[in-house]
Amino acid sequence: MQKLSIQGGYRLNGEVRISGAKNAALPIMCASLLTQDALHLDNLPDMHDVATMVKLLQQMGVQVDTSTQAATFSAAKVDKLEAPYDMVKTMRAAILVLGPLLTRFGEARVSLPGGCAIGSRPVDLHIKGLVAMGAEIHIEHGYIHATAKRLHGARICFDLISVTGTENLMMAAVLADGITVLENAAREPEVIDLADCLIAMGAKIEGAGSDKITIEGVSELHGANHSVMPDRIESGTFLVAAAAAGGNITLTGARVDTLDSVLEKLREAGAKIDVNADRINLVMSGRPQAVNVRTAPYPAFPTDMQAQFMALNTIAQGSAIVVETIFENRFMHVQELQRLGAQIEVEGNTAVILGCRQLDGATVMATDLRASASLVIAGMVAQGETIVDRIYHLDRGYEHIEAKLSSLGAKIQRIQ
Ligand code: EPZ
């Protein structure tokens with residue numbers, strides 16, 4: 001089992017390039033199933049979930065030619081319409097093959113993702129939408145078995161805002177017969193990036209990025225070239241790390257316009273931030289001020305940045321209230337931060353953090369992707385050595401994070 005060893009107390013200085021966004025790359029790779037032509041993707045991040053998605057598509061018969069940071073996907077000879085449990089259980093985003101398989105091939109067998117550390121993660125809204133579009137769906141032996149002669153357009157209003165729910169149904173609708181309207185749709189930038197790729201492939205989509213998306217089905221899609229958008233959560237993670245550790249860093253290749261709520265919170269914490277084009281500069285000299293955060297769907301504060309800000313608050317001046325409104329169990333990092341000496345009280349979906357001057361290095365355990373990032377940030381500001389165990393969680397969603405942080409001056413290394 002690999003671990004990270006972190007020596008706390010080092011400031012961050014220098015430049016770091018932001019990788020392609022995991023949560024844009026995963027649905028866009030599934031879009032390759034919608035055409036027999038080649039879909040060429042650039043700026044794919046080198047991380048475990050992307051590798052898992054490549055394997056999942058390849059076992060279906062998709063031909064994937066990868067080079068560094070780019071890959072071509074050709075779904076001309078898909079001969080297996082199934083996403084097996086052993087792949088889906090490690091990566092919930094595999095549910096995103098359901099819409100494309102069903103709308104292009106009329107059938108799909110996808111393992112129910114099951115829960116994960118942060119919550120039960122149901123997919124009932126995905127299924128409800130596909131049924132509204134004419135799919136026959138049976139859940140048996142832990143699999144979703146869906147069939148449809150041809151999906152037809154429908155007006156679908158989401159009870160809850162769901163990012164992959166919006167993405168799955170948008171992909172199902174591009175080849176459906178007629179018009180589909182998705183109401184109360186997710187507005188995340190990754191939804192827009194997927195829509196841009198689908199439009200380049202010949203889809204007719206309007207309103208991506210708003211809460212109402214209209215898709216007019218077409219008979220087939222063609223190949224395209226698409227460059228995956230930069231990762232806003234990786235960007236936010238490095239900025240929070242610098243705000244906690246102090247220093248002067250510049251992100252390059254970032255999408256400034258996707259980070260408004262995060263940049264606002266960092267300024268509230270006392271960071272000096274300058275942005276221009278695709279560069280974000282953050283300077284932090286003193287101890288951060290505690291900042292309250294309340295997670296909500298985009299463009300509000302992202303749940304994927306909650307754990308990182310909690311780490312910042314553990315050593316900030318004053319106390320902060322963190323409210324997690326999206327997932328029912330996304331405070332797994334709290335007990336690990338407490339092992340480092342953090343003063344945190346949790347009541348339901350609310351945590352109160354009393355900032356202390358210094359954390360004390362210890363061995364801690366990563367439980368999910370963003371919790372791992374939170375522990376790395378805390379280790380960077382703790383006294384002495386911190387060991388973060390089970391870092392496979394981290395490797396799922398960050399590209400070479402310890403190399404990037406070390407290049408900025410952090411003392412962090414991977415150990416067996
Ligand atoms: C996406 O997950 C992201 N994953 C998550 O990022 C992110 O935290 C989440 O959106 C919220 O922004 C990918 O894009 C691959 P949801 P998703 O459907 O789509 C409930 C990371 O760290 N819900 O928007 O699975 C659900 O339980 C990951 O990169 C239903 O009840 O999240 C949750 O409470 C973690 N029924 C809420 O909606 C459904 O059918 C929002 O979930 C679907 C969702």
Side-chain angles (χ1 to χ4, degrees), residues 19-31 45 47-50 52-53 56 88 90-99 110 112-132 137 139 144 156-172 182 184-194 211 228-229 231-237 258 261-262 295-308 324-330 332-333 349 366-374 393-399 401:
S19 305
K22 167 177 86 80
N23 292 349
L26 295 175
I28 287 169
M29 289 161 78
C30 296
M47 55 179 62
H48 199 261
D49 273 9
V50 169
T52 304
M53 185 61 86
L56 175 65
V88 174
T90 64
M91 184 189 60
R92 306 178 26 71
I95 190 72
L96 286 162
V97 303
L98 181 58
V110 177
L112 274 168
C116 73
I118 63 178
S120 62
R121 311 294 294 277
V123 289
D124 55 307
L125 301 177
H126 300 234
I127 291 169
K128 198 171 146 195
L130 291 172
V131 167
I137 295 195
I139 311 268
I144 302 163
I156 296 159
C157 184
F158 283 91
D159 307 339
L160 271 171
I161 294 175
S162 167
V163 176
T164 50
T166 300
E167 292 165 346
N168 227 340
L169 296 179
M170 186 161 70
M171 288 193 277
L182 303 179
N184 200 24
R187 299 166 56 190
E188 270 68 5
E190 293 77 20
V191 172
I192 302 173
D193 206 34
L194 171 62
D211 61 358
V228 173
M229 66 174 282
D231 194 318
R232 61 191 169 100
I233 305 302
E234 183 195 31
S235 303
T237 302
T258 62
S261 60
V262 171
T295 66
Y298 193 88
F301 185 87
T303 174
D304 291 350
M305 284 300 304
Q306 177 257 107
Q308 297 90 317
E324 171 56 59
T325 72
I326 306 290
F327 292 111
E328 68 268 26
N329 189 31
R330 204 168 197 175
M332 305 280 278
H333 39 287
N349 70 346
T367 51
D368 57 272
L369 169 56
R370 306 303 174 184
S372 324
S374 156
H393 291 290
L394 203 59
D395 295 336
R396 288 190 46 189
Y398 285 98
E399 183 180 74
I401 191 168

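The model shown is predicted, which means the values in this text are computed figures rather than measured ones. Counting starts at 1 for both ligands and their atoms, following the listed order.
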> Is Asp124 close to ligand 1, meaning an N/O of one under 3.5 Å from an N/O of the other?
Replying inline: yes
>> Out of all atoms in ligand 1, which are within 4.0 Å of some heavy atom of Val123? Include the element for each.
In response: 39 (C), 40 (O)
> Going from CD on Glu167 to CG on Leu96, what distance comes out if it is rounded to the nearest 0.5 angstrom?
Replying inline: 6.0 Å
>> Regarding ligand 1, does Lys22 bring an N or O atom to under 3.5 Å of one of the ligand's N or O atoms?
In response: yes
> How far is atom 40 (O) of ligand 1 from its nearest protein heavy atom, and which residue and atom is that?
Replying inline: Leu125 N, 2.7 Å
> Does a side-chain heavy-atom distance below 4.5 Å link Ile137 with Leu130?
Replying inline: yes
> Looking at atom 11 (C) of ligand 1, what's its closest protein heavy atom, distance included?
Replying inline: Thr303 CG2, 3.8 Å
>> Return the closest protein heavy atom for atom 3 (C) of ligand 1 as residue, atom name and distance.
In response: Asn23 ND2, 3.6 Å
>> At less than 4.0 angstrom from any non-hydrogen atom of Phe327, what atoms of ligand 1 do you find?
In response: 8 (O), 9 (C), 32 (O), 33 (C)
> Can you check side chain to side chain contact (heavy atoms under 4.5 Å, CB included) on Asp231 and Glu399, steps first, answer last?
Replying inline: CA-CA 10 Å; Asp231 194 318; Glu399 183 180 74; over 6 Å; no
> Are Asp304 and Arg330 ion-paired here, with the side-chain N under 4.0 Å from a carboxylate O?
Replying inline: yes
>> Show me which atoms of ligand 1 lie under 4.0 Å from any heavy atom of Arg121.
In response: 2 (O), 17 (P), 25 (O)
> Around His48, counting heavy atoms of other residues, nucleotides and ligands shown, do more than 12 lie under 6.0 Å from its NE2?
Replying inline: no
> Can you list the atoms of ligand 1 that are under 4.0 Å from a heavy atom of His126?
Replying inline: 40 (O)
> With respect to atom 41 (C) of ligand 1, which of Ile161, Leu160, Ile95, Asp49 exhibits the smallest heavy-atom separation?
Replying inline: Ile161
>> Rounded to the nearest 0.5 Å, what separates atom CG in Leu98 from atom OG1 in Thr164?
In response: 11.0 Å
>> Using heavy-atom distances only, which candidate in Ser162, Ala296, Gly165 approaches atom 18 (O) of ligand 1 most closely?
In response: Ser162
>> Quick one, Ile118 with Glu328, criterion side chain to side chain contact (heavy atoms under 4.5 Å, CB included). Give me CA distance, side-chain angles, the key distance, then yes/no.
In response: CA-CA 7 Å; Ile118 63 178; Glu328 68 268 26; over 6 Å; no
> Any idea which protein heavy atom is nearest atom 19 (O) of ligand 1, and the distance to it?
Replying inline: Thr164 OG1, 2.6 Å
>> Is there a side chain to side chain contact (heavy atoms under 4.5 Å, CB included) between Gln308 and Ile233? Walk through the geometry before answering.
In response: CA-CA 10 Å; Gln308 297 90 317; Ile233 305 302; 4.0 Å; yes
> Does the side chain to side chain contact (heavy atoms under 4.5 Å, CB included) test come out yes or no for Met171 and Leu194, once each step is laid out?
Replying inline: CA-CA 9 Å; Met171 288 193 277; Leu194 171 62; 4.1 Å; yes
> Got a second to check how far Leu125's CG is from Leu169's CG, nearest 0.5 Å?
Replying inline: 8.5 Å
> Out of Arg370, Arg330, Arg92, whose heavy atom sits nearest atom 35 (C) of ligand 1?
Replying inline: Arg330
>> Regarding atom 28 (C) of ligand 1: of the candidates Leu194, Asp304, Leu96, Asp368, which has the closest heavy atom?
In response: Asp304
>> Tell me the protein heavy atom at minimum distance from atom 39 (C) of ligand 1, and give that distance in Å.
In response: Pro122 O, 3.1 Å
> Are any of the N or O atoms of Leu369 closer than 3.5 Å to those of ligand 1?
Replying inline: no
> Would you call Lys22-Glu234 a salt bridge at under 4.0 Å N-O?
Replying inline: no
>> Below a 4.0 angstrom heavy-atom separation, can you tell me which part of Val163, side chain or backbone, both or neither, approaches ligand 1?
In response: both
> Tell me, which protein residue and heavy-atom name are nearest atom 34 (O) of ligand 1, and how many Å apart are they?
Replying inline: Ile326 O, 2.6 Å
